[in-house]
Colleague: 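Handing you this structure, nothing more for now.
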Number of protein chains: 2
Amino acid sequence: MVREPDIHICEVAARDGLQNLDVFVPTEAKCALIDAIAAAGVREIDAGSFVPPKVVPQFADVDVVMAHALSHQDKRIGALVPNFKGAERAIAAGVNSIYFVISASETHNRANVRRTVDEQVEAFRAVRAAIDARPAAERPQLMGAISTSFGCSLEGDISEAAVCNLARRFAEAGADEIGLADTVGYATPTLVRQIVSAVRCEVGPDVTLRLHLHDTLGAGLANAVAGLEAGIRRFDAAVSGLGGCPFAPGARGNIVTEDLVFMLERMGLSTGIDLDRLMQTREILARHIAAKHLTGHLHEAGIPKVLRRAA
Amino acid sequence: MVREPDIHICEVAARDGLQNLDVFVPTEAKCALIDAIAAAGVREIDAGSFVPPKVVPQFADVDVVMAHALSHQDKRIGALVPNFKGAERAIAAGVNSIYFVISASETHNRANVRRTVDEQVEAFRAVRAAIDARPAAERPQLMGAISTSFGCSLEGDISEAAVCNLARRFAEAGADEIGLADTVGYATPTLVRQIVSAVRCEVGPDVTLRLHLHDTLGAGLANAVAGLEAGIRRFDAAVSGLGGCPFAPGARGNIVTEDLVFMLERMGLSTGIDLDRLMQTREILARHIAAKHLTGHLHEAGIPKVLRRAA
């Protein structure tokens with residue numbers, strides 16, 4: 001029996017990582033990226049967004065990419081959706097996880113999905129009902145993702161109450177999991193501890209929590225460690241630190257999966273991910289994406305061979 | 001009365017930050033950098049190394065730079081020294097602090113200062129005696145700095161015992177302060193907590209400890225937060241993330257002062273540093289140092305105005 005890793009990492013480069021780029025990454029390259037991520041041992045892969053191509057042209061090919069991703073039957077393949085229609089498409093595509101996004105910032109929520117938070121919570125309830133109407137074997141997991149949980153580049157600081165209220169509404173509406181997203185990268189370790197603990201109290205011990213961090217201001221991995229200390233075991237991250245939100249000015253890339261994996265493994269926490277293989281995703285990305293978008297300390301410094309952990 | 005800041009930051013860009021560069025930064029630029037750092041409110045400035053110019057040509061002008069730095073009479077001006085001769089020069093120059101460096105890695109110690117650890121501890125004792133022979137008002141503070149406290153690119157992992165032994169020898173020989181240096185940037189938050197706690201037990205509660213971190217693998221600020229949690233209140237950092245060790249292959253820049261200050265202040269911890277002014281050091285550096293050496297998330301993303309703390 002394969003032991004579950006201590007830390008569960010969801011690789012979001014093929015979704016969050018691509019959504020803010022000004023170049024269209026060819027369908028084959030997206031599929032090759034997903035294959036490389038899968039080959040590295042990542043268990044959950046966010047493979048695209050079901051959004052109108054007019055809004056985010058990068059995902060015009062999401063149906064093809066998603067079908068390819070789902071050929072990795074041992075992986076949990078997820079999609080972000082901004083509304084009921086996107087969820088319908090995701091369900092029809094047969095995804096394993098749907099990430100339904102609502103922002104704790106009313107202003108960002110309107111910019112991001114063109115609806116009020118209340119309207120968006122209604123849509124989430126409808127998605128829950130649509131999933132529950134399916135045969136049990138065909139129901140994807142439903143995550144409620146709370147954007148701007150740690151600050152918003154439009155509104156500034158976001159209150160703990162706003163995040164907790166939304167978490168409670170997600171939980172009451174039947175979210176299988178709740179994601180706390182630092183959409184613009186304004187979190188600090190103190191704030192992560194505060195918000196994670198408050199949300200945990202609000203929703204109780206049975207709801208799985210996940211942390212989605214961007215590294216806008218340099219504290220990305222510090223925030224991940226703070227989340228770890230607050231009990232989080234699921235993290236989103238993107239290879240080469242890709243990422244950003246088209247509707248959140250100032251947002252930078254996600255925390256770098258390679259750097260996160262190296263740090264966690266050196267801390268004695270298993271991730272189930274083969275770092276050498278994960279590093280190979282860089283080649284695929286470098287063929288299509290400008291160097292300025294590709295970050296990562298480990299790529300710069302190389303994997304320190306003297307410190308390699310036994311496999 | 002001016003309140004002491006919660007966190008004491010020593011700016012090392014003018015020493016550690018320059019020692020690994022392949023260009024000579026003109027004396028006036030070094031002095032301008034130190035002036036800008038002082039104007040930003042930094043209370044301790046590492047202004048150079050008293051090393052033979054043949055070994056590190058960057059510090060051929062250290063006497064002139066140090067005299068200029070010492071004109072900031074309200075600051076603590078320090079110098080790194082690798083041996084007794086360097087310490088004699090530093091004492092003669094009238095520095096406020098001497099950082100005497102010994103490596104926990106025997107291999108790195110030989111590469112760095114061309115002596116065994118035992119010989120280096122003897123030299124430290126001689127420096128202590130030389131300082132104590134001065135009139136009380138003219139005695140600089142003496143810090144024992146332990147290089148490669150969290151790993152070595154030549155030896156790999158460094159044992160807790162090696163770091164603790166050296167810390168004890170420093171304390172017994174009369175160090176006013178002990179610095180734990182992640183010379184090559186191999187620390188993790190777990191390791192920082194472990195080593196800081198072990199050294200604290202070894203030397204007792206009365207010796208001030210300081211953390212010197214490099215951000216080789218992306219965990220720099222995470223390591224700083226771990227240090228904070230383990231009781232550390234003094235940190236070295238370099239503006240624009242400059243730094244590296246000429247005799248430690250693979251070492252990258254120090255943690256970025258701007259990013260550290262922003263994170264700490266947003267965590268509610270005062271540093272006494274004016275971030276806008278600190279950011280202005282970038283202009284001085286950019287005139288003389290290649291862009292690839294200048295890092296920092298805050299410089300890339302800008303200071304998020306929506307989050308500014310009241311002054």
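The chains referred to below are lettered A, B, ... by the order of the sequence lines, with proteins before strands, and numbering in each begins at 1. Since we're looking at a predicted model, the values are computed, not measured.
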Colleague: Would you say the side-chain atoms of A:R266 pair up with the backbone N or O of B:Y186, donor to acceptor, closer than 3.5 Å?
Modeller: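 Between the backbone of B:Y186 and the side chain of A:R266 there is a qualifying donor-acceptor contact (under 3.5 Å).
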Colleague: Locate the shortest heavy-atom distance separating A:M267 from B:P189; write the atom from each residue and the value.
Modeller: SD-CD, 4.0 Å
Colleague: Who wins among A:L260, A:L154, A:D157 for the most heavy-atom pairs under 4.5 Å with chain B?
Modeller: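 Most heavy-atom pairs within the cutoff with chain B belong to A:D157.
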Colleague: With a 4.5 Å cut-off on heavy-atom pairs, point out which of A:V225, A:N223, A:L228 contacts chain B the most.
Modeller: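 Looking at each option in turn, the highest pair count goes to A:V225.
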Colleague: So for atom CZ, which belongs to A:R193, do other residues, nucleotides or ligands contribute more than 12 heavy atoms lying within a distance under 6.0 Å?
Modeller: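 Enclosed: over 12 neighbouring heavy atoms sit under 6.0 Å from CZ of A:R193.
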Colleague: Nearest 0.5 Å, what's the CG-CG distance between A:L217 and B:D259?
Modeller: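 Here the rounded value is 7.5 Å.
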Colleague: Which one of A:G302, A:G218, A:A251, A:G185 has the most heavy-atom pairs closer than 4.5 Å to chain B?
Modeller: A:G218
Colleague: Output yes when a side-chain donor or acceptor of A:H297 lies under 3.5 Å from a complementary backbone atom of B:A219, and no otherwise.
Modeller: no
Colleague: Under 4.5 Å from any heavy atom of chain B, what part of A:Q194 do you find: side chain, backbone, both or neither?
Modeller: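 Neither part; nothing is under 4.5 Å.
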Colleague: Does A:R234 have more than 12 heavy atoms from other residues, nucleotides or ligands lying within 6.0 Å of its CZ?
Modeller: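 Result for CZ/A:R234: enclosed.
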Colleague: Atom CE of A:M263 and atom CG of B:L191: how far apart are they, to the nearest 0.5 Å?
Modeller: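 It comes to 12.5 Å.
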Colleague: With a 4.5 angstrom heavy-atom cut-off, could you sort out which part of B:T216 is near chain A: side chain, backbone, both or neither?
Modeller: both
